[in-house]
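Written out below as structure tokens is the structure these notes cover.
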Amino acid sequence: MDAPETRYARTADGVHIAYHVFGQGDQDAVFVWGIFSHVELLWEHEASAHYLRRLGSFARVIHFDKRGTGLSDRACPLPTLEDQMDDVQTVMDAVGSQRATLIGGGDAGLLCMLFAAAHPERTAALVLSGARPRITRSADFPWAPDPEEWHGIVETVSREWGRGVSQEVAAPSQADAASVQWWARLERYSLSPGSVVPFWRMLEHTDVRAVLPSVRVPTLVLHRRDDPYVELAAGRYVAEHIPGARFVELAGHDHPGWGEGADTELDQIEDQLTGARGAQEPDRVLATVLFTDIVGSTEQATELGDRRWREVLADHDQISRQEIALHRGRWVKSTGDGVLATFDGPARAIRCAERLGARTRQRGLRLRAGIHTGECEQLGEDIGGIAVHIAARVAALAPAGRVLVSRTVVDLVAGSGVSFEDQGEHDLKGVPGQWRLFSVTVPESP
């Protein structure tokens, strides 16, 4: 199979995404790899080209460069996971794919896990290779480098970027001169040295562990026993926390899927794709839930009178619908003196809440808002479940004019430019345990 023709798809925010579509089979597969990629260069290395050809022998493969990398637009802000989810949907739409298996290699697993949980209607199955749910060690996740060690790795990699340093770190079996030269080119063609550190810093602050129980599609987790970049236990953790996931330990000393033991990995992927279940209508989905509430609504209603207050609420609802649509959320319902809405990513929910607060202040109203990301039950046009209950409780604790969010939201918005102030731990009525909450301190959007 020759290298496919490079095509471009344009996202809703005007970013051009370079992609390839190739292969055959009844199943579509979206292949994403790591923080760096180059759709054309992967065909110039025999190991990676063999991997792609094998994928194309049993699936129609959609392979793309995430924004900011490879042949996709580079002159754009640092892409968040939400931006990257948009990239996936954009290329799927461009080739007419309604539903596909996501194959996420390395740190692209973070994106694929979030996409599968947020968009089960478009995810036939999930395959993860050498993935982990967070990058650095914590008290409850010891299978990663500690932050100081990680910073040292990033510093070394960025200093040596463009010389093949990633081969030394991730693919020790590919140490021949030709392979090292190719890895060096892949680095240079994927990212500039100045982009490497920001990309990895964004990953460092991302944690998708809270998302894993919401992945409700057939999932295969592959991990090499001696992966030099991601500990085997991190892969086991992912499989143990995704309902029904199948974990396969592979022999090998390389991190990338096209490294040592590639054909064994591809055999497992082929079995997963050719035996995957058909499309099912999801009744549970990961969503970011936004509740807003007009502060002092009872007093204002008494002061204004019923007729004028109804006009105020109608204006408030119109503004809310406009902003929710603008930020690509879904209006669920009015709560009387507030709204309930959902988003496929928390950064958009935060921006929407900030804009709603700014616009309603101009009309003499003050809003409080609460945001939480979790699994929701779809009840026709309405939603239910513990995530909705938590978001409502968070909103009730928000000070007037402020946006309050859960820890889960903070862990998912790395790279978005949103900053937070820790508000400590709180009891949420009817919710077990203590919940750490944060107030949003991001400047208002213009």
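Basis for what follows: all heavy atoms, side chains included, without hydrogens, waters or symmetry-related copies.
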Could you point out which residue of His45, Gln174, Gln167 forms a side chain to side chain donor-acceptor pair (under 3.5 Å) with Trp183? Gln174
Please, which pairs that meet ring-ring contact (aromatic ring centres under 6.0 Å, His included) have at least one residue in residues 87-123, sequence neighbours excluded? Phe115-His119
Would you sort out whether Tyr51 and Phe31 count as a ring pair (Phe, Tyr, Trp, His ring centres under 6.0 Å), showing the intermediate values? CA-CA 11 Å; Tyr51 190 92; Phe31 175 64; 5.7 Å; yes
Aromatic ring pairing Tyr237/Trp143, orientation class (parallel under 30°, perpendicular over 60°, tilted between): tilted
Is it true that, when you exclude Gln181 itself, more than 12 heavy atoms of the residues, nucleotides or ligands shown sit nearer than 6.0 Å to its CD? no
Residues Glu265, Ser129; criterion side-chain contact (heavy atoms from CB on, under 4.5 Å); working and verdict: CA-CA 8 Å; Glu265 172 169 314; Ser129 174; 3.1 Å; yes
Indicate every side-chain donor-acceptor pair of residues 130-139 with a distance under 3.5 Å to a residue at least two apart or in another chain.
from, atom 1, to, atom 2, distance (Å)
Arg132, NE, Asp107, OD1, 3.4
Arg132, NH2, Tyr229, OH, 3.3
Arg134, NE, Thr136, O, 2.6
Arg134, NH1, Asp207, OD2, 3.0
Arg134, NH2, Thr136, O, 3.4
Arg134, NH2, Thr136, OG1, 3.3
Arg137, NE, Pro142, O, 3.3
Arg137, NE, Ala144, O, 2.8
Arg137, NH2, Ala144, O, 3.0
Ser138, OG, Asp140, OD1, 2.8
Ser138, OG, Phe141, N, 3.2

Got a salt bridge between Arg351 and Glu354, using NZ or NE/NH1/NH2 to carboxylate O under 4.0 Å? no
Kindly assign one of parallel, tilted or perpendicular to the pair Trp258 and Trp33, based on the angle between their ring planes and the thresholds 30° and 60°. tilted
Centroid-centroid distance, His151 to Trp200, less than 6.0 Å: no
Reported CG-to-OG distance for the pair Leu41 and Ser48, which is rounded to 0.5 angstrom: 7.5 Å
Exam field: side chain Trp161 to backbone Glu187, donor-acceptor pair closer than 3.5 Å: yes
What are the two closest heavy atoms between Val413 and Pro346, and how far apart are they? CG1-CG, 3.5 Å
Quick check: does any side chain N or O of Asp87 sit under 3.5 Å from a backbone N or O of Arg67, one acting as donor and the other as acceptor? yes
Just verifying a value: how many Å separate Ile350 CD1 and His327 NE2, rounded to the nearest 0.5 Å? 11.0 Å
Please report the shortest heavy-atom distance between Lys66 and Leu111, naming the atom on each side. CD-CD2, 4.2 Å
Arg53/Glu46 salt bridge by N-O under 4.0 Å criterion: yes
